[in-house]
Amino acid sequence: MPTKKKPLFGLSDALKRQVASRRQDARTDPAEEEISLAAVRPSVQPVPARFIDPAKLPGVQEYLALRHTASALGATDPFFHVHEGIPAATTRIGGREFINFSNYNYLNLNGHPEVSASAKAAIDHYGTSASASRMVSGERPLHGQLERALADFLGTEDCVAMVSGHATNVTVIGHLFGKRDLILHDALAHNSVLQGALLSGAKRLSFPHNDWQALDNMLRTLRPSYERVLVVVEGLYSMDGDFPDLPRFAEIRERYKTFLLVDEAHSIGVMGATGRGIAEHFGLPRTCADFWMGTLSKTFSSCGGFIAGQGLIVDYLRHTAPGFLYSVGMSPPLAAASLTCVELLKREPERCRALRRAGRMFLELCKAEGLDTGGSAGLAIVPIIVGSSMGALTLSSRLFERGINVQPIFAPAVEERQARLRFFLCCEHTQAQLETTAKAIATALAG
Ligand SMILES: Cc1ncc(COP(=O)(O)O)c(C=O)c1O
């Protein structure tokens with residue numbers, strides 16, 4: 001009597017077939033490899049110097065030119081500042097205290113005694129590293145507990161947590177979509193979305209920022225030419241501090257039968273009465289989108305990313321997404337820290353209200369000073385648009401001299417005329433700090 005085979009990681013037959021066909025695709029024919037090596041060997045020609053000089057790699061010269069101009073202007077280098085404590089509403093750099101707008105510790109949970117205590121306890125119990133892929137060598141209870149807590153918090157069937165927010169978008173989008181598919185993303189989508197789309201091999205197009213009507217028009221003509229279509233939007237845009245009209249995008253998803261991924265990196269803990277993000281803000285059910293992506297590095301104060309959604313797909317990703325399967329599990333103290341943050345967020349939703357109050361107040365103060373705040377909704381992100389990369393660099397440098405730490409953003413991250421400073425608020429920013437800052441920006445711009 002034939003023995004019954006152990007099921008492959010508990011996957012269904014349909015999933016096993018998909019996994020097997022992907023493995024098949026990845027195999028290289030050894031005979032083909034032989035032929036191509038043979039073809040290359042005799043034709044070794046001198047290689048032009050520009051192809052072997054690291055300084056001639058694409059973009060390196062532009063980078064050097066920008067650094068040169070900035071130092072000629074005497075601008076302080078705004079990057080790689082060394083913070084000597086926990087960056088929050090204030091921070092210490094080079095022994096000096098600054099009002100700080102350069103991190104995503106939105107709810108001031110990084111450094112919260114309960115968060116630090118749970119991370120320390122996890123180190124004592126499990127050590128500092130998961131050491132290997134969870135699927136291959138096993139996980140810690142904290143991994144499952146964190147994923148369950150996030151799924152319950154958001155109201156999805158399941159959730160899988162990975163070691164990086166950026167890698168989560170890359171691997172999930174790259175893994176689920178292919179060359180007969182179409183990916184349409186907001187023009188201001190995060191780099192991780194673009195990288196995921198590139199990896200997938202799908203046709204990738206952007207639609208103008210927040211413009212659901214343009215998306216509708218694109219889908220009207222393009223939808224019939226592709227198998228699957230993925231639309232990607234963010235809950236709150238980190239460059240502009242504005243957000244999409246999600247009900248419109250959800251309706252378009254229904255009408256054109258697309259998938260919808262909402263990147264909530266900046267909206268969880270920020271939007272919605274209890275910080276559950278853009279769906280809560282609009283009172284929409286979680287079923288209005290297919291994938292709810294989030295990061296653990298901002299509101300959840302550690303490092304990692306997650307995808308929450310339908311149980312089947314999350315389970316499929318847990319067993320097959322390369323960025324999960326072939327990468328280490330989250331380190332136990334980081335998983336513990338984020339788990340405690342979810343609990344704190346449920347217990348203390350007033351942190352979200354305080355953050356939004358600070359955001360609104362700063363937006364109004366900046367507008368009163370006549371500053372260009374773009375389309376900011378005054379939640380947790382307020383840009384001050386300066387209009388040139390050099391202008392943004394100089395303003396950031398002047399503010400630094402006045403004891404204010406804020407990051408400039410310039411081309412190619414945004415168009416040159418959209419170069420700006422980005423102010424990230426946290427729930428502990430005080431009215432006095434915000435008033436001082438708005439005045440200092442106006443003064444520095446005038447000088
Ligand atoms: C919209 C968005 N998605 C994804 C990421 C990546 O997250 P992480 O920095 O945690 O890797 C970021 C990072 O800032 C982001 O802004």
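Whatever order the structure lists them in is the order used to number ligands and atoms, beginning at 1. Treat the numbers as computed from the prediction; the structure is a model and nothing was measured. Residue numbers start at 1 and run along the sequence shown.
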First locate atom CD1 of Ile173, then atom CZ of Arg204, and finally report the distance between them rounded to the nearest 0.5 Å. 11.0 Å
Are the ring centres of Phe98 and His83 closer than 6.0 Å? no
Report all N/O contacts between ligand 1 and the protein shorter than 3.5 Å as a table of atom names and distances to 0.1 Å; if there are none, say 'none'.
from	atom 1	to	atom 2	distance (Å)
ligand 1	3 (N)	Asp263	OD1	3.4
ligand 1	3 (N)	Asp263	OD2	2.6
ligand 1	10 (O)	Thr295	OG1	2.6
ligand 1	10 (O)	Ser297	OG	2.7
ligand 1	11 (O)	Gly165	N	3.1
ligand 1	11 (O)	His166	N	2.9
ligand 1	14 (O)	Lys298	NZ	2.9
ligand 1	16 (O)	His266	NE2	2.7

Sorted by chain and number, sequence neighbours left out, ring pair (Phe, Tyr, Trp, His ring centres under 6.0 Å) with Phe362 holds for Phe101, Phe423
Distance in Å, Leu236 CG paired with Ser267 OG, rounded so as to fall on 0.5 Å steps: 6.0 Å
Across all chains, not counting sequence neighbours, the ring pair (Phe, Tyr, Trp, His ring centres under 6.0 Å) partners of Tyr104 are His266, Phe424
Hits for ring pair (Phe, Tyr, Trp, His ring centres under 6.0 Å) against Tyr256, two or more places apart or cross-chain, chain-then-number order -> none
